[in-house]
Amino acid sequence: MVSMNERFLKPYNPAETEPRIYKRWEESGYFNPDSREYPPGTEHFSIVLPPPNVTGILHVGHAMMLAIEDTMVRYHRMRGHKTLWLPGTDSAAIATQSKVESEIYKKEKKTRNDLGREELLKRIDAFTKQSHDTITGQVRAMGSSVDWSREAYTLDQKRSYAVTTAFVRMYRDGLIYRGDRIVNWDPNMQTTVSDDEIEHVEETTPFYYLKYGPFIIGTARPETKFGDKYVVMHPDDARYAQYKHRDKINVEWINGAVTATIIKDTAIDMGFGTGVMTITPWHDLTDFEIAERHDLDKEQIIDDRGLLLPIAHEFSGQHIKKARTEIVEKLQQKGLIEKIDERYIHRIAINSRGGGVIEPQIKRQWFVDVDAEFTLKDSKLDGIPSGSKTSLKETMRHVVAGGQIKIMPDRYEKVYYHWIENLRDWCISRQIWYGHRIPVWYRDAEIHCDTQAPEGEGWEQDPDTLDTWFSSSLWTFSTLGWPNATADLALYHPTNIIETSYDIIFFWVARMILMSGYLLGDIPFATVYLHGLVRDSKGRKMSKSLGNIIDPLVYIEKYGADSLRMALVVGNPPGNDLSLGEDKLKAYKHFANKVWNATRFVCMSTEKFDPGTTSELTPKDEEYLRDFNVHIEDITKEMDEKHYYLAAEKLYHYFWHTFADVILEESKPILSGTDEKAAGSRMRTLHTMLFAQLRMLHPFMPFVTEEIWSLLGNSTLLMIERWPNGY
RNA sequence: GGGCGAUUAGCUCAGUUGGUAGAGCAACGAAUUUACACUUCGAAGGUCAGGGGUUCGAGUCCCUUAUCGCCCACCA
């Protein structure tokens with residue numbers, strides 16, 4: 001053993017060590033799998049980093065993701081696999097634009113229309129650049145061994161080309177269409193929002209029972225009722241048997257007499273209220289579907305900004321929020337109100353990205369058809385042969401049901417199927433400016449969809465951009481060079497694992513499966529590893545209003561990245577939320593120091609030991625090494641089963657309470673004793689166990705282990721050492 | 001309205017196919033020119049949410065109730 005380095009005389013100092021070690025790693029080039037030669041037939045391991053949104057700084061949830069993924073990656077690299085972890089960031093179109101817009105408005109009282117498309121995009125670019133640099137700095141501080149040479153951005157040139165290529169293919173296959181459908185409209189952001197981006201918030205509002213001719217109808221939104229001229233009831237409702245489908249009756253309504261048409265439809269719940277309702281097809285999905293079934297007129301009542309249209313007569317131009325009181329007053333005066341229930345619990349839809357209250361509107365938008373049949377070419381999907389007909393829904397369901405993709409924990413498979421069953425066509429066009437422009441051009445009645453603008457005069461590109469998840473859904477292969485047939489794509493796709501938060505299983509995981517299935521005839525990853533949310537020490541969600549959001553850099557500065565990583569990995573099985581308190585960080589900081597000092601002790605007491613010679617082992621030491629081999633096997637098995645949370649805990653426990661507390665303590669008299677054979681045997685044993693434990697701890701605590709490795713006189717980096725295999 | 005999860009030591013959580021209840025932290029009692037006070041040793045602490053069932057045997061499997069949490073859903 002080499003003589004003890006003087007640095008061991010002081011406690012381990014992560015703040016001084018970590019940036020220096022990361023620099024060494026980065027300069028070594030080993031994050032890039034191409035930097036080393038591998039024997040033919042070497043297994044490979046690839047994952048993509050779920051790209052963080054360039055909307056600000058990373059939080060501890062991101063830190064957890066980085067900790068788990070880096071653990072996986074370092075483990076596989078040490079197993080000798082050709083390992084790629086591909087980093088990047090996400091433009092997060094709507095969230096980013098919304099954030100920049102509101103900052104500009106706060107400071108300058110200017111809206112996007114004041115600035116114009118070009119200027120706003122310039123401002124957003126400046127913001128995202130800064131945000132990007134902060135984020136990549138944080139990713140480095142966590143010790144993430146990502147291949148920076150392959151870093152991607154969802155909005156860079158290569159990814160944009162992938163996006164337009166995907167759009168054009170889907171359009172030509174009839175999987176993308178343009179249609180007048182009811183969509184979720186955010187009047188604040190002035191854009192559509194997908195179903196998955198909607199949050200429902202409960203609200204107690206008055207519920208009005210209105211006299212509509214001979215009927216009583218209920219509504220929570222009297223301000224939408226101006227145009228109501230269809231009254232709908234269930235065909236089996238005996239109470240209304242006297243009325244026949246399509247009968248016409250005259251009723252006195254808000255703005256005078258209207259001729260109403262009776263419609264019988266089974267969508268009506270006979271048990272709710274009076275079992276009769278009038279419909280507002282332009283602003284309600286159920287109503288829209290009823291209107292479609294019976295080919296009824298649809299009329300717009302509310303405009304894009306939430307103002308009432310001329311159909312509201314004297315209320316025209318008023319905002320719906322403000323108009324309600326006056327409208328109710330008028331109804332009251334006309335004697336049209338039967339009664340008011342003041343305590344009605346109602347769910348309103350909110351745009352989770354920007355915050356506006358959703359107003360359904362009928363709009364001409366672009367959609368992905370999830371039910372349309374298409375022919376799958378070059379299929380690698382089990383059970384869906386090349387050339388067979390399938391649909392996006394079917395491929396999505398099939399790859400999980402057939403076990404080609406495994407979701408951890410498996411209970412999320414049910415959630416996934418349920419989502420697919422209820423999935424409607426995906427609205428992909430957005431009326432914001434930051435994002436991928438839709439690759440479609442119009443000239444009068446002509447439509448041109450291609451990756452490039454058409455030749456000739458008078459063409460106008462669609463002003464809309466694509467849902468940010470459209471580009472994210474290509475991430476596993478757009479980052480590897482698709483649509484070009486690159487070597488990276490051939491080698492690293494499908495990726496082995498996607499490791500992400502369970503709350504984006506629909507937004508992202510499902511849509512990656514959708515896109516990969518269609519565009520590549522393949523799965524995007526073999527395993528979905530879902531981690532949970534990080535909560536504070538009291539189990540509360542981290543939120544701005546609670547003020548309990550912590551920048552991981554604060555923890556790193558105080559306790560070191562290794563401690564933060566351990567705190568985020570130990571006791572954190574997939575699918576569970578994790579409470580993070582400072583006591584944990586403290587505990588693992590102590591542990592890092594324990595490893596540090598145990599090494600110091602081994603150095604001090606084995607200075608005479610030459611690892612090149614093999615001293616004969618005493619029976620006791622043979623027994624220790626046998627037990628240690630069982631420990632290695634156990635840890636390796638946990639790693640292979642992706643039980644990182646258990647492996648980390650067992651490594652911690654063994655190092656501290658077996659290696660340090662028992663074996664090291666017991667070694668003191670042996671090493672200072674007169675029995676040279678016993679001392680030599682023990683030195684060899686300690687040396688073996690220490691080195692192997694440093695290797696196994698490395699994926700979890702890369703900084704301290706790498707630093708110790710180097711202070712022990714190794715000129716090579718621990719990060720590319722081999723995972724121990726028994727002694 | 002449907003679905004899922006949780007309920008185990010003061011706190012945070014493990015407990016893989018059923019076989020005598022585990023860890024970390026905290027708290028408690030000791031030790032001390034020690035590799036490490038970012039230490040060591042020791043002891044304490046649990047009707048495994050309640051009830052029922054299957055079994056030789058249940059924290060684990062089944063049924064049921066309660067509380068908390070999450071997700072989904074077009075009751076106007």
Side-chain angles (χ1 to χ4, degrees), chain A residues 4 8-12 182 195-196 198-200 207-210 217-221 224-225 228 231-233 267-280 284-290 344 346-347 349 360 409 411-419 421-424 502-503 505-506 532-533 535-541 559-560 563 566-567 570-573 575-605 637-638 641 643 645-646 648-650 652-653 656-657 660-661 664-665 667-668 671:
Chain A
M4 191 183 73
F8 281 126
L9 294 175
K10 286 183 185 164
Y12 173 60
I182 194 152
D195 294 341
D196 293 297
I198 302 291
E199 254 167 33
H200 294 276
F207 190 77
Y208 307 90
Y209 290 89
L210 308 179
I217 58 154
T219 184
R221 303 191 63 198
T224 65
K225 297 309 225 181
D228 288 11
V231 51
V232 192
M233 56 209 72
I268 298 297
D269 177 357
M270 287 186 269
F272 184 82
T274 55
V276 182
M277 70 173 192
T278 59
I279 57 169
T280 314
D284 184 278
L285 179 64
T286 311
D287 296 1
F288 175 83
E289 285 172 351
I290 291 170
Y344 179 71
H346 188 206
R347 274 163 297 278
R411 67 183 127 94
Y412 279 95
E413 292 185 5
K414 256 194 222 166
V415 180
Y416 174 80
Y417 298 136
H418 184 255
W419 179 81
E421 272 155 34
N422 290 301
L423 186 61
R424 286 192 291 262
Y502 64 66
D503 59 356
I505 180 167
F506 307 137
L533 305 173
R535 295 169 178 279
D536 70 7
S537 57
K538 297 189 183 83
R540 299 174 306 181
K541 228 171 172 167
Y559 302 101
S563 313
M566 281 294 274
V570 174
N572 182 21
N576 276 26
D577 292 351
L578 181 82
S579 283
L580 181 70
E582 296 213 24
D583 55 338
K584 285 189 188 178
L585 289 146
K586 222 161 97 186
Y588 294 113
K589 185 173 188 230
H590 294 183
F591 179 57
N593 198 51
K594 188 75 185 178
V595 176
W596 182 260
N597 278 301
T599 306
R600 170 179 166 187
F601 173 78
V602 173
C603 283
M604 277 172 63
S605 41
K637 182 172 152 271
E638 299 294 12
E641 287 174 2
H643 296 159
Y645 64 106
L646 288 178
E649 193 181 331
K650 287 178 179 179
Y652 173 96
H653 197 254
W656 200 314
H657 300 298
D661 286 351
L664 289 190
E665 288 303 324
S667 300
K668 287 175 184 174
L671 294 168

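Every heavy atom of this structure was used, including side-chain atoms; hydrogens, water molecules and symmetry mates were not. Chain naming here is simple, since letters A, B, ... match the order of the sequence lines and numbering starts at 1 in each.
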When the ring planes of Trp656(A) and Phe591(A) are compared, do they come out parallel, tilted or perpendicular, using 30° and 60° as the limits?
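It falls in the parallel class, under 30°.
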
Between [M] and [N] - [atom1] atom distance, rounded Å:
N       : M       : atom1 : answer
rG59(B) : rA6(B)  : C1'   : 14 Å
rA27(B) : rU39(B) : P     : 13 Å
rC48(B) : rG15(B) : C1'   : 11 Å
rU12(B) : rA58(B) : P     : 29 Å

Contact class for [X] vs. all strands (heavy atom < 4.0 Å): base, sugar-phosphate, or nothing?
X         : answer
Arg347(A) : base
Lys414(A) : sugar-phosphate
Tyr344(A) : sugar-phosphate
Gly560(A) : nothing
Ala592(A) : nothing
Glu665(A) : base

Criterion side chain to side chain contact (heavy atoms under 4.5 Å, CB included) on Trp419(A) and Asp196(A), from CA distance to verdict:
CA-CA 10 Å; Trp419(A) 179 81; Asp196(A) 293 297; 2.9 Å; yes

Is there a side-chain polar atom (N or O) of [X] under 4.0 Å from OP1 or OP2 of [N]?
X         : N       : result
Trp656(A) : rU39(B) : no
Tyr652(A) : rC25(B) : yes
His653(A) : rG22(B) : no
Lys594(A) : rC38(B) : no
Arg411(A) : rG3(B)  : no

If you round to the nearest 0.5 Å, how far is NZ of Lys637(A) from NE2 of His643(A)?
8.0 Å

Between Ala598(A) and Glu289(A), which is nearer to the 5' end of RNA chain B once each is assigned its nearest nucleotide?
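Looking at RNA chain B, the more 5' nearest nucleotide goes with Ala598(A).
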
Which parts of nucleotides 7-14 of chain B does protein reach within less than 4.0 Å, heavy atoms only, written one letter per nucleotide 5' to 3' as B for base, S for sugar-phosphate only and - for none?
-----SSS

Starting at NE2 of His418(A) and ending at P of rC72(B), how long is that distance when rounded to a whole Å?
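Taking NE2 of His418(A) and P of rC72(B), I get 10 Å after rounding.
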
Just by distance, no angles: are the side chains of Asp577(A) and Tyr502(A) close enough, under 3.5 Å, to form a donor-acceptor pair?
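Yes, Tyr502(A) and Asp577(A) have a side-chain donor paired with an acceptor closer than 3.5 Å.
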
Will you find, in the side chains of Glu582(A) and Tyr559(A), an N or O donor that is under 3.5 Å from an N or O acceptor?
yes

Evaluate side chain to side chain contact (heavy atoms under 4.5 Å, CB included) for Lys225(A) paired with Thr280(A), printing each intermediate quantity in order.
CA-CA 7 Å; Lys225(A) 297 309 225 181; Thr280(A) 314; 3.8 Å; yes

Polar side-chain atom of Asn422(A) near backbone of His418(A) as donor-acceptor pair, under 3.5 Å
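Checked: pair present.
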
[N] pairs with, by Watson-Crick or G-U criteria that keep both distances under 3.5 Å:
N       : result
rU39(B) : rA31(B)
rC4(B)  : rG69(B)
rG24(B) : rC11(B)

Quick one: is the NZ or CZ of Lys668(A) closer than 6.0 Å to the six-membered ring centre of Phe601(A), and within 45° of its axis?
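The answer is yes; both the distance and angle limits are met.
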
